[in-house]
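Computed from heavy atoms alone, side chains included, the values below leave out hydrogens, waters and symmetry copies.
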Amino acid sequence: MDPQDRSTILVVDDELGPRESLRMILEPLHRVIQARSGVEALERLRSDSVDLVTLDLNMPGMKGDEVMRAVRTEFPQVEVIIITGCGTLASATDGIRFGICDYLEKPFDVVQVSAAVARALERRQARTRLTCFLEELGQVVGRDRDARALLHDVQRSQKLRGRLGGLLQDRTTASPVQAEAQGEAVRSIEFLEVLAETIETKDRFMRGHARRVAVYSSLLADRLSLSTREHEQVRIAAFLHDLGKVGVPTDLLLRAGALEPGERAIVEEHPAIGARLVEPLDIAPAIRQAIRHHHEWWDGSGYPDGLAAEEIPLAGRVISIADAFDAMSCDRPYRRALSRSVVIGELTRFAGVQFDPHLTKEFLAVLESGVCDVELVADALVTASPVFPSLNR
Ligand SMILES: [Fe+2]
Ligand SMILES: [Fe+2]
């Protein structure tokens, strides 16, 4: 749905002229309601569901900055665009001090107003998605004390803070400059990147797994001549494929012995949890699907949905091979890393059973084709950045 669809905008101005011009500009796309004072504005906000407020700073009675503060406190999810007389707002830093998203100076024109409103509504939508994600994550993580401690560390991590700016602390005070320089969607993905790596610290055997699987998947995607967009989706999904392990108790991940059927079922929830986690975020549905289906088997005996053959999304089939290759090539709690010849033997043996036979052949060709020391490539890339150069939907 277009983010501008059916949004309700409250226009607050004591003067009829600017109120009416804003109404005429905005009404074709939005539901517009009006208030003539700060007090009336707060009443409307309490009785109506409002997405965005345009607020004149110079009004008799309750001053604009008082209204601003009241809106911020009582309705933190509502976006605000300040309308000022020429030069009233000395600088962008004044705006940041007020905690506003954007401001327009009178006299404004249609283009400026439309652009500011579109930006504000997009921000609101991105923030809603991110809030849903964090709530969902909180619920998932709530199952596991280790993961809760981990999340605590994530929130305190300097690396994460560096990437996210103030996103986790107080998202309402992000400056318009920051918001424009780095889209919320990209920041969400970067957050996931750090989260995925942090989750690996739960399982010492899987350190670097996400990044290596992303590299192997990428090499296979190259070989398959996927489009740039598909290639990037494969790589992002590969990086995030085990994100749902945040919901799996650490002792199950590290168990050297066999798992009970009930415990196995919990571990096997991770693809669905991962897919559910990224659902509220602004990322391509293909990425979500690939995360959900990375443990499906070609013969239909995998999980979570028992899809078979080409029912399994291509990115899921690619990741499945890269994932198995990495898992077999590394030490696991219950066995040492397997030799390359054994790994190739296993991939061949399970082609057409667990793995897409055509893709397996192509992956074996990648292994043979001079990129034979594929781990070295992966190691070199482990330090390279960024994993997500851009975000294609
Ligand atoms: Fe997995
Ligand atoms: Fe994995």
Could you tell me which non-hydrogen atom of Ala322 sits nearest to which non-hydrogen atom of Tyr216, and how far apart they are? CB-CB, 3.6 Å
Within a strict 4.5 Å, meaning less than it, do heavy atoms of the Val80 and Arg72 side chains meet? yes
Consider only side-chain heavy atoms of I, L, V, M, F, W and Y, link residues closer than 4.5 Å, and tell whether Val39 and Val12 are in one cluster. yes
Side chain proximity check, Leu359 to Leu224, heavy atoms < 4.5 angstrom: yes
Could you walk me through whether Val278 and Ile291 pass the side-chain contact (heavy atoms from CB on, under 4.5 Å) check? CA-CA 9 Å; Val278 300; Ile291 295 173; 4.1 Å; yes
Ignoring hydrogens and angles, tell me if any N or O in the side chain of Ser320 forms a donor-acceptor pair with the backbone of Gly316 under 3.5 Å. no
Out of curiosity, Leu367 CG to Leu220 CG, how far, rounded to the nearest 0.5 Å? 9.5 Å
Nearest heavy-atom contact between Ala41 and Leu10 is O-CD2, 3.7 Å
Given the rule that I, L, V, M, F, W and Y join up when any side-chain heavy atoms are under 4.5 Å apart, are Ile33 and Ile82 in one cluster? yes
Within-4.5 Å side-chain heavy-atom neighbours: Val267 and Glu263: no
Donor-acceptor pair, side chain of Glu296 and main chain of Asp305, under 3.5 angstrom: yes
N/O donor-acceptor pair under 3.5 Å between Glu40 side chain and Arg36 backbone: yes
Is the side chain of Asp242 donor-acceptor paired with the backbone N or O of Lys245 at a distance under 3.5 Å, no angle test? no
Are Ile273 and Ile287 connected into the same hydrophobic cluster when the rule is that any two of I, L, V, M, F, W, Y join if their side-chain heavy atoms are below 4.5 Å apart? yes
Please examine the side chains of Glu74 and Leu45, heavy atoms only from C-beta on, and report whether any two atoms are closer than 4.5 Å. no
Quick check on Arg46: does its CZ atom have over 12 non-hydrogen neighbours (other residues, nucleotides or ligands) under 6.0 Å away? yes
Would you say the side-chain atoms of Ser217 pair up with the backbone N or O of Ala214, donor to acceptor, closer than 3.5 Å? no
Please assess Lys361 against Phe355 for the test side-chain contact (heavy atoms from CB on, under 4.5 Å), listing each intermediate value before the final yes or no. CA-CA 10 Å; Lys361 213 171 94 216; Phe355 312 117; over 6 Å; no
Of all the heavy-atom pairs spanning Ile319 and Val234, show the shortest one and how long it is. CD1-O, 4.1 Å
Give the C-alpha distance, both sets of side-chain angles, the deciding distance and a yes or no for side-chain contact (heavy atoms from CB on, under 4.5 Å) between Leu42 and Val71. CA-CA 7 Å; Leu42 291 170; Val71 173; 4.1 Å; yes
For the pair Arg23 and Glu20, find out whether any cationic side-chain nitrogen is under 4.0 Å from an anionic carboxylate oxygen. yes
Checking His295, His293, His209, His270 against His241 for ring-ring contact (aromatic ring centres under 6.0 Å, His included), the one that qualifies is His209
Do the side chain of Asp48 and the main chain of Val50 share a donor and acceptor less than 3.5 angstrom apart? no
Sub-4.5 Å side-chain heavy-atom contact between Val366 and Glu362: no
Sidechain-backbone polar pair: Glu232 side chain, Arg229 backbone, donor-acceptor under 3.5 Å: no
What about Met59 and Leu57, same hydrophobic cluster or not, with Ile/Leu/Val/Met/Phe/Trp/Tyr joined at side-chain heavy-atom distances under 4.5 Å? yes
d(Arg317 CZ, Thr360 OG1) to nearest 0.5 Å is 10.5 Å
Verify same cluster id: Leu338, Leu347 (apolar side-chain graph, 4.5 Å): yes
Taking the side chain from Gln233 and the backbone from Ala286, do they hold a donor-acceptor pair closer than 3.5 Å? no
Rounding to 0.5 Å, atoms CD (Glu346) and OG (Ser341) come to a distance of 10.5 Å
Let me see the working for Leu22 and Gln34 under side-chain contact (heavy atoms from CB on, under 4.5 Å), right down to the final yes or no. CA-CA 10 Å; Leu22 280 172; Gln34 302 187 9; over 6 Å; no
Is there a side-chain contact between Gln354 and Trp298 in this structure, where contact means two heavy atoms from C-beta onward sitting under 4.5 Å apart? no
Find out whether Met62 and Ser37 are in side-chain contact, i.e. whether some heavy atom of one side chain is under 4.5 Å from a heavy atom of the other. no
Heavy-atom pair with the smallest gap, counting every atom of Pro60 and Asp14: CD-OD2, 3.4 Å
Nearest heavy-atom pair of Ile266 and Pro249: which atoms, and what distance? CG2-CD, 3.9 Å
Just verifying a value: how many Å separate Leu26 CG and Leu29 CG, rounded to the nearest 0.5 Å? 8.5 Å
What's the shortest heavy-atom distance between Ser7 and His30, and which atoms? O-CB, 3.5 Å
So, taking the atom named CG in Asp299 and the one named CZ in Phe350, what distance separates them when rounded to the nearest 0.5 Å? 9.5 Å
Hey, are Asp56 and Arg19 close enough for a salt bridge, meaning a charged N less than 4.0 Å from a carboxylate O? no
Using 0.5 Å steps for rounding, measure from the OG atom of Ser329 to the CZ atom of Arg212. 8.5 Å
Are the side chain of His231 and the backbone of Thr228 linked by a donor-acceptor contact shorter than 3.5 Å? no
Main-chain N/O of Leu259 paired to Arg264 side chain as donor or acceptor, under 3.5 Å: no
